[in-house]
Amino acid sequence: MRSPAVLIRDIRQKDNYTFTIEWSDGQVHDYRLSVLQKNCPCAKCNDEVTGKRRVDQEKLRDDVRALRVYSVGRYALRIEFTSGCSTGIYSYELLRELSNHSNK
Amino acid sequence: MALKMFEQVKAPFPLAKVKNVIAVAAGKGGVGKSTVAVNLALALKKAGYSVGVMDTDIYGPSIRKMLPEDEMPSQKGETLFPAICQGIRMISMAYFRKQGEAAAVRAPIANGLVIQFIKNVEWGELDYLFIDFPPGTGDIQLTLSQQANLSGAILVTTPQEVALMDVRKAAHLFHQVNVPIVGVVENMSYYQPEGCEKVFLFGKGGGGRLAMENGIPFLGEVPIDPEICHCGDVGRSLFADEKMETSGAKAFTEIAQAFVAHLGTMKRQSVEGFKAFELVWKEMMT
């Protein structure tokens, strides 16, 4: 039997550059938008064949913001960044991996 | 008093008035997804539940034939009102094409039609909405998984290994998108002529094995019953004759009971989380 997947219990904006997720297993993590954009999984930012980043990481701004953050089914969310990137689907699995980076 | 500087919006998600949105899927064509969706819907309707069926097979919609309408669907502005078929609300591409006319459209158009079925149909309050998935694990299946607020999925298979190969892929898709699988229905399990032993034409126990592999409930077997085929062809309910319970009707009644029980257990045990949300970014004073 597969263990039940974690879901988002609460999500809110923390400041102009960060949002906070409370997960169904009780963990709470902050996500800085610039860190998320540097790890954007969309095909424009990320070469799906080679796995290499297509966007120069140095050019991504640290003060990038969001227009909105919204759910995709029961497994992911999408972010409309002010930089124009909006097609990446951030699975909950990826967000849990990235929580270590965002919280450093 | 602190000013509220940000806003969290729980999006008015589609199908909000439907208590349980259930995918009926297989990954494979020809295993009887539509047959299971229709007869499960009829069995639950008979048990007193309010039920709807969304036929998302744009290229080969077959449900209208099995469940002919008493009232055609209607439209007011952008809102579609489903057809009424023996008390079951139903929407299908079959209403928007002449019979025998192919829907020769590319994937983005087919996808757009399914999104309209999700967002523009006023289903009203329903206990169960069954979404009859098209075969495969592609664009439409992903759109449904992302946008239809699925509560769970039923996997339909036939017993043979060749069918199970594809159904396993459908199971994998649902695992990837965190849609819990309520259980497996095995269709065409056996044939039993009157007074004779069961004959397992396509092998034995494939559905049970699939359920065991995935740690999910096995909801039941549907025998090869000529009455299931005949009722589908003439558009009559398998449950119409209350005096005569065929082996097919008995199987679907039992599967419906198992489905309701397992879905209830699954929902009680599931973790709490947002179904759908939208966080609108606000300027915050630092």
Side-chain angles (χ1 to χ4, degrees), chain A residues 1-28 30-34 36-37 41 63-96, chain B residues 4-15 21 23 118 141-153 171-181 183 211-217 262 265-286:
Chain A
M1 185 86 171
R2 290 171 69 94
S3 55
V6 287
L7 297 175
I8 289 179
R9 192 183 284 162
D10 196 17
I11 178 167
R12 44 187 60 243
Q13 186 177 344
K14 185 180 182 186
D15 55 40
N16 286 326
Y17 315 105
T18 316
F19 62 86
T20 304
I21 290 177
E22 183 187 336
W23 295 97
S24 56
D25 62 357
Q27 291 194 35
V28 179
D30 291 341
Y31 293 91
R32 188 165 174 94
L33 290 163
S34 59
L36 293 177
Q37 196 182 12
D63 61 353
V64 68
R65 298 186 189 198
L67 298 171
R68 65 184 185 122
V69 180
Y70 58 99
S71 55
V72 176
R74 296 168 60 105
Y75 72 104
L77 55 78
R78 248 165 118 159
I79 304 164
E80 284 180 20
F81 292 100
T82 47
S83 61
C85 182
S86 65
T87 53
I89 291 178
Y90 293 81
S91 69
Y92 295 166
E93 208 176 354
L94 174 62
L95 288 169
R96 293 287 289 233
Chain B
K4 191 179 178 188
M5 302 307 289
F6 59 91
E7 186 181 11
Q8 181 190 309
V9 181
K10 279 188 190 175
F13 55 89
L15 309 169
V21 183
I118 297 169
Q141 292 80 0
L142 269 174
T143 296
L144 287 164
S145 303
Q146 291 177 344
Q147 299 195 27
N149 291 303
L150 296 173
S151 317
H172 185 242
L173 169 77
F174 288 121
H175 289 322
Q176 280 187 307
V177 295
N178 277 357
V179 171
I181 301 171
M212 203 179 285
E213 280 168 18
N214 286 279
I216 51 181
H262 285 299
T265 307
M266 193 185 84
K267 286 177 86 170
R268 280 193 297 277
Q269 291 176 347
S270 66
V271 292
E272 273 183 40
F274 280 156
K275 262 188 168 178
F277 61 82
E278 181 178 352
L279 184 67
V280 179
W281 213 253
K282 298 284 178 190
E283 178 69 24
M284 291 177 80
M285 299 205 8
T286 51

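In what follows, every chain begins at residue 1, and chains take the letters A, B, ... in the order their sequences are listed.
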Restricting to non-hydrogen atoms, name the atom on [X] and the atom on [Y] that form the minimum distance, rounded to 0.1 Å.
X     : Y      : value
A:S24 : A:R9   : O-NH2, 2.7 Å
A:C85 : A:Q37  : CB-NE2, 3.7 Å
A:Q13 : B:K282 : NE2-O, 2.7 Å

Who wins among A:V69, A:L7, A:T82, A:I8 for the most heavy-atom pairs under 4.5 Å with chain B?
A:V69
Please confirm whether A:R96 makes a cation-pi placement over A:W23, using NZ or CZ under 6.0 Å from the six-membered ring centre and within 45° of the ring normal.
yes
Would you find more than 12 non-hydrogen atoms of other residues, nucleotides or ligands less than 6.0 Å from A:Q27 atom CD?
yes
If one checks every heavy atom of B:S151 against chain A at 4.5 Å, the contacting part turns out to be backbone
Side chain, backbone, both or neither: which part of B:L144 has a non-hydrogen atom closer than 4.5 Å to chain A?
neither
Part of [X] within contact of chain B (heavy atom distance under 4.5 Å):
X     : result
A:I79 : neither
A:F19 : both
A:L67 : backbone

